[in-house]
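Worksheet for the structure shown next.
Owing to the predicted nature of the structure, the values given are computational and were not obtained by experimental measurement.
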Amino acid sequence: TMPLRDLRNNIHLTFTESDEIIANPERGFYEARSTSGYKFSKSQIASARTNKRTLFHIGHTLPATSDISSDFLQRLRNEMSWLRDGGAKCILRFAYSDDYSETPWDATPDQVLRHIEQLKPILQEYGDVILTLQAGFVGIWGEWYYTDNFDKANGDDDYQLRKKVVDAMLDAMPADRTVALRTPLFKKMMYAGGSYSNLLTENTAYNGSALARLSCFNDCFGASSSDMGTFESSSAREYWKNETKYVFMGGETCGECGSRSKGENAVKEMEEYHWTYINRDYHKDVLNSWFDGGYMNEIKRRLGYRFVLDKAIPSENPTAGNDYAITLSIRNVGFASLHNPRAVELVLVSKNDPSQKFTYKQQI
């Protein structure tokens, strides 16, 4: 809303909401690419956009006992530049093993910190194309479970080792980008003083603190009553319902679980947990049930933010050199909000010569 005068006699322009599926950035179904799986290429970005997708989940496997090679670092730079040129974004994760039989499952804490330091210049340079950095590095697939070097049996010491890794990731990322944790318990134990009552609020969100920069991901959405251990209590669920008002929530499904994994409940929980992104390929049975139940298009439309312009009230008979005001009535009908900073632009275009434009830009 711009500064206004009395607009009671001004023209009211009204608009009808579209049901189109739109390829908005930083939201939606993502395509997964990895070092050892389906490789990432520049041509895939344009192909995905034709299918209304602008997100990729990029997972890389690092060497557990040596530094990252210069060739690998250059490959990562290339991928980030492809995303930037193609108007796409990524969810990024690093791990040391993607197979239970492939050992070691992860690197020593010192080696992990060394790798994050090597990655930092690239993460800083290309932060604009990284939606969020998932807290990998620990355990198979970077999922923080099966681990050689961060054993849960170590109790509080284990949390401190993992916290050092997250601290390093937060430092390596631009200050306006988040690091995503796999469960609410990790945020509670490492950063919230062991309590689910330490909640983000409108006053503390986006203030640059570690609490404000720790987002969420759930890779077993709807798969059981606890989402396969994602939530250890009802308090954990309520905690993430609050936190995801202010930080990203995303992930994937991992299996059917009666009505819990069906489309009706998926929409309900995506609203409650403010979902922004989800895997388009896994789990196929769950995704097919969303199609069969008639919920898939709603989920495609509402993942992340979706702004609807209902009304515009511009100044009547504006003249050059005088104040101009316009009031916009906008609703967000998506599951989530914007979390990475973006600019708002008001563009005035000449009717006689569309090449003549005036742009008013403001960061939000």
Side-chain angles (χ1 to χ4, degrees), residues 30-41 56-80 90-120 122-123 130 132-155 157-170 172-173 179-183 185-186 190 216-221 223 227-230 250-255 279 281-283:
Y30 68 74
E31 298 192 8
R33 301 290 181 264
S34 66
T35 302
S36 57
Y38 191 14
K39 301 294 192 302
F40 186 48
S41 67
F56 291 84
H57 187 291
I58 301 178
H60 280 302
T61 305
L62 302 176
T65 58
S66 64
D67 281 357
I68 304 171
S69 70
S70 58
D71 287 345
F72 177 95
L73 293 172
Q74 186 57 53
R75 169 72 185 188
L76 183 59
R77 283 191 178 91
N78 291 342
E79 292 176 349
M80 297 298 104
C90 72
I91 304 110
L92 196 57
R93 190 197 300 181
F94 297 95
Y96 295 95
S97 172
D98 61 3
D99 190 314
Y100 189 85
S101 62
E102 178 187 331
T103 57
W105 289 336
D106 45 29
T108 64
D110 286 344
Q111 185 69 71
V112 171
L113 296 178
R114 166 62 182 158
H115 285 165
I116 295 173
E117 189 64 27
Q118 285 188 273
L119 294 166
K120 181 176 178 177
I122 301 174
L123 300 179
I130 302 173
T132 189
L133 174 64
Q134 290 187 340
F137 296 102
V138 176
I140 306 172
W141 306 290
E143 288 190 342
W144 281 45
Y145 191 73
Y146 299 105
T147 171
D148 288 319
N149 294 284
F150 299 84
D151 195 335
K152 290 182 178 180
N154 293 334
D157 290 341
D158 165 65
Y159 285 116
Q160 290 307 308
L161 285 177
R162 295 179 188 222
K163 184 176 183 297
K164 288 181 180 179
V165 173
V166 179
D167 285 343
M169 284 189 278
L170 288 169
M173 289 289 286
V179 171
L181 297 179
R182 176 62 183 85
T183 73
L185 181 64
F186 289 128
M190 294 189 298
C216 320
F217 72 103
N218 178 356
D219 277 356
C220 272
F221 176 55
D227 286 358
M228 302 300 286
T230 300
E252 66 183 14
T253 64
C254 72
N279 192 345
D281 293 316
Y282 194 75
H283 188 282

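Annotation: side chain of Thr65 is not in contact with side chain of Thr108 (no heavy-atom distance under 4.5 Å). The shortest side-chain heavy-atom distance between Ile130 and Met80 falls under the 4.5 Å cut-off. No side-chain heavy atom of Glu252 sits less than 4.5 Å from a side-chain heavy atom of Phe221. With contacts defined as side-chain heavy-atom distances shorter than 4.5 Å, the pair Pro109/Val165 does not qualify.
Surrounding NZ of Lys120 are more than 12 heavy atoms belonging to other residues, nucleotides or ligands, all under 6.0 Å away.
Side chain of Arg33 to main chain of Phe56: no donor-acceptor pair is present (N/O by atom type, distance under 3.5 Å, no hydrogens or angles). Between the side chain of Ser97 and the backbone N or O of Glu102 there is at least one donor-acceptor pair closer than 3.5 Å. Judged by distance alone, the side chain of Arg114 and the main-chain N or O of Ile68 form no donor-acceptor pair under 3.5 Å. Put simply, the side chain of Trp105 gets close to the backbone of Tyr100: a donor and an acceptor are under 3.5 Å apart. Using a distance-only test at 3.5 Å, with no hydrogens or angles considered, no donor-acceptor pair links the side chain of Thr147 to the main chain of Val138.
Here Tyr96 contributes atom OH and Thr103 contributes atom OG1; the two are 15.0 Å apart, rounded to the nearest 0.5 Å. Considering CG of Leu133 and SG of Cys90, their distance stands at 9.0 Å, rounded to 0.5 Å. The CD1 atom of Ile58 lies 8.0 Å from the CG atom of Leu76; values are rounded to the nearest 0.5 Å. In this structure, Thr253 OG1 and Asn218 CG are separated by 10.0 Å, a value rounded to the nearest 0.5 Å. One finds the CD atom of Gln134 at 9.0 Å from the CG atom of Leu92 (value rounded to the nearest 0.5 Å). The CG atom of Asp219 sits 13.5 Å away from atom NE2 of His283, with the distance rounded to the nearest 0.5 Å.
Annotation for Trp144 and Arg162: closest pair O-NH1, 2.9 Å, computed over non-hydrogen atoms. When all heavy atoms of Asp67 and Pro63 are compared, the closest pair comes out as O-CG, 3.6 Å. Considering all non-hydrogen atoms of both residues, Phe137 and Asp106 come closest at O-CB, 3.5 Å. Between Thr61 and Thr35, the closest heavy-atom pair is N-OG1, 3.0 Å. Across every non-hydrogen atom of Ala107 and Ala64, the tightest pair is CB-O, 3.4 Å. Here the shortest heavy-atom pairing between Met228 and Ala223 reads CG-CB, 3.7 Å.
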Show, in sequence, the C-alpha distance, side-chain angles and deciding distance for Asp99 and Ser101, and conclude whether the side-chain hydrogen bond (donor to acceptor under 3.5 Å, both in side chains) test is met. CA-CA 5 Å; Asp99 190 314; Ser101 62; 2.7 Å; yes

Under the criterion salt bridge (charged side-chain N to carboxylate O under 4.0 Å, His left out), I'd like the reasoning laid out for Arg75 against Asp71: C-alpha separation, chi angles, the key distance, then a yes or no. CA-CA 6 Å; Arg75 169 72 185 188; Asp71 287 345; over 6 Å; no

Assess the residue pair Leu181 and Phe217 against the criterion (side-chain contact (heavy atoms from CB on, under 4.5 Å)); give the C-alpha distance rounded to whole Å, side-chain angles, the decisive distance to 0.1 Å, and a yes or no. CA-CA 6 Å; Leu181 297 179; Phe217 72 103; 5.7 Å; no

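Using the six-membered ring where Trp is involved, His60 and Phe94 have ring planes that are parallel, under 30° apart on the 30 and 60° scheme.
Just one of His115, Gln118, Gln111 meets the side chain to side chain contact (heavy atoms under 4.5 Å, CB included) condition when paired with Leu62; it is His115.
When ring centroids are compared, His57 and Tyr282 stay outside the 6.0 Å threshold.
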